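Remarks on the structure that follows.
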Amino acid sequence: QVQLVESGGGWVQAGGSLRLSCAASGRIFSRYVVGWFRQAPGKEREFVTSMSRSGSSTYYKDSVKGRFTISRDNAKNTVYLQMNSLKPEDTAVYYCAANSADWPSAIYYRATEFDYWGQGTQVTVSS
């Protein structure tokens with residue numbers, strides 16, 4: 001079992017930056033693929049980005065490429081999402097997700113591929 005707790009959300013003006021953190025407890029974090037999803041009001045939860053166990057592979061939603069960066073610190077059992085050049089359409093509740101993987105370079109991007117989820121943190125970008 002893995003418990004995930006997000007932090008770092010808040011309010012920011014368009015063009016600004018935020019860094020989200022996701023602290024994990026439980027099993028060995030380095031064995032888990034990690035990802036970020038988001039859900040805007042009235043919309044379905046959508047994939048944002050993910051990273052392999054080793055950190056060697058990453059995958060991004062097209063609309064966040066070049067603006068968002070996922071990273072992880074396995075020694076601290078923490079995954080980060082650096083968000084720059086934020087836009088009003090980035091407003092959503094952001095969720096951290098994780099699941100184990102057999103291969104160090106394996107990566108997931110479907111919500112159904114992740115077994116563990118955080119409670120979410122609100123990000124609001126004003127125009």
Side-chain angles (χ1 to χ4, degrees):
Q1 191 76 8
V2 174
Q3 293 79 42
L4 304 172
V5 179
E6 302 97 334
S7 61
W11 178 89
V12 64
Q13 288 189 324
S17 298
L18 282 174
R19 189 177 82 154
L20 306 183
S21 299
C22 174
S25 61
R27 298 292 182 87
I28 300 174
F29 185 62
S30 60
R31 295 180 179 174
Y32 285 75
V33 174
V34 292
W36 289 94
F37 289 74
R38 67 187 182 187
Q39 187 167 18
K43 295 187 177 181
E44 294 186 352
R45 188 173 300 189
E46 64 176 7
F47 169 81
V48 176
T49 181
S50 59
M51 174 175 274
S52 61
R53 284 173 43 186
S54 65
S56 61
S57 299
T58 57
Y59 190 53
Y60 291 92
K61 176 182 174 62
D62 284 346
S63 63
V64 307
K65 286 180 181 178
R67 299 190 299 123
F68 290 11
T69 303
I70 187 172
S71 61
R72 66 190 297 164
D73 185 338
N74 287 339
K76 295 182 177 180
N77 281 8
T78 302
V79 59
Y80 304 98
L81 181 63
Q82 178 66 44
M83 304 185 295
N84 299 329
S85 302
L86 282 161
K87 304 176 181 180
E89 51 263 43
D90 295 318
T91 294
V93 177
Y94 283 71
Y95 297 90
C96 176
N99 202 9
S100 61
D102 292 332
W103 302 103
S105 60
I107 198 164
Y108 307 141
Y109 59 91
R110 299 182 182 91
T112 53
E113 294 176 304
F114 291 88
D115 285 347
Y116 304 103
W117 294 83
Q119 82 289 349
T121 186
Q122 176 70 46
V123 171
T124 303
V125 184
S126 65
S127 57

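This structure is a prediction, so every number in the text was calculated from the model and none was measured.
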Using every non-hydrogen atom in the two residues, find where [X] and [Y] come nearest and quote the distance to one decimal.
{"X": "S54", "Y": "S56", "answer": "OG-OG, 2.7 Å"}
{"X": "S30", "Y": "N74", "answer": "CB-ND2, 3.6 Å"}
{"X": "F114", "Y": "A98", "answer": "CD2-N, 3.5 Å"}
{"X": "S50", "Y": "I107", "answer": "OG-CG1, 3.3 Å"}
{"X": "G35", "Y": "I70", "answer": "CA-CD1, 4.4 Å"}

Same apolar cluster: V33 and V2, side chain cutoff 4.5 Å: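 No.
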
Between W117 and M51, is there a shared hydrophobic cluster once you connect ILVMFWY residues whose side-chain heavy atoms come closer than 4.5 Å?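 Shared cluster, no.
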
To the nearest 0.5 Å, what is the distance between OG (S7) and CG (L20)?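 That separation rounds to 8.0 Å.
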
How far does OH of Y116 sit from CG of L4, to the nearest 0.5 angstrom?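 Atom-to-atom, Y116:OH and L4:CG are 9.5 Å apart.
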
Is there a donor-acceptor pair closer than 3.5 Å between any side-chain N or O of [X] and the backbone N or O of [Y]?
{"X": "R53", "Y": "A106", "value": "no"}
{"X": "S52", "Y": "S57", "value": "yes"}
{"X": "T78", "Y": "K76", "value": "yes"}
{"X": "E6", "Y": "Q119", "value": "yes"}
{"X": "R19", "Y": "G9", "value": "no"}
{"X": "N99", "Y": "E113", "value": "yes"}

Pairs meeting criterion disulfide (SG to SG under 2.5 Å) with involvement of [range], two or more places apart:
{"range": "residues 86-127", "value": "C22-C96"}
{"range": "residues 49-95", "value": "none"}
{"range": "residues 65-94", "value": "none"}
{"range": "residues 50-91", "value": "none"}

Within-4.5 Å side-chain heavy-atom neighbours: [X] and [Y]:
{"X": "V93", "Y": "T121", "result": "no"}
{"X": "L81", "Y": "T49", "result": "yes"}
{"X": "V12", "Y": "T124", "result": "no"}

Stepwise side-chain hydrogen bond (donor to acceptor under 3.5 Å, both in side chains) check, Q13 with S126: CA-CA 5 Å; Q13 288 189 324; S126 65; 4.9 Å; no

Might you work through the side-chain contact (heavy atoms from CB on, under 4.5 Å) test for F29 and R72, ending with a clear yes or no? CA-CA 10 Å; F29 185 62; R72 66 190 297 164; 3.7 Å; yes

Test log, rule side-chain contact (heavy atoms from CB on, under 4.5 Å), inputs S100 and Y32: CA-CA 4 Å; S100 61; Y32 285 75; 4.0 Å; yes

Could you list the donor-acceptor pairs under 3.5 angstrom formed between side-chain atoms of residues 83-91 and any protein atom two or more places apart in sequence or on another chain?
from : atom 1 : to   : atom 2 : distance (Å)
N84  : OD1    : S17  : OG     : 2.9
N84  : OD1    : Q82  : NE2    : 2.9
D90  : OD1    : R38  : NH1    : 3.0
D90  : OD1    : R67  : NH2    : 3.1
D90  : OD2    : R67  : NH1    : 2.8
D90  : OD2    : R67  : NH2    : 3.4
D90  : OD2    : K87  : N      : 2.8
T91  : OG1    : P88  : O      : 2.9
T91  : OG1    : V125 : N      : 2.9
T91  : OG1    : V125 : O      : 3.4

Can a cation-pi geometry be assigned to R45 and Y95, taking NZ or CZ under 6.0 Å from the six-membered ring centre and within 45° of the ring axis?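 So R45 does make the cation-pi contact.
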
Inter- and intrachain pairs under ring pair (Phe, Tyr, Trp, His ring centres under 6.0 Å), touching residues 46-83, at least two apart: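 Non-adjacent pairs meeting ring pair (Phe, Tyr, Trp, His ring centres under 6.0 Å): F37-F47, F47-Y59, Y59-Y109.
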
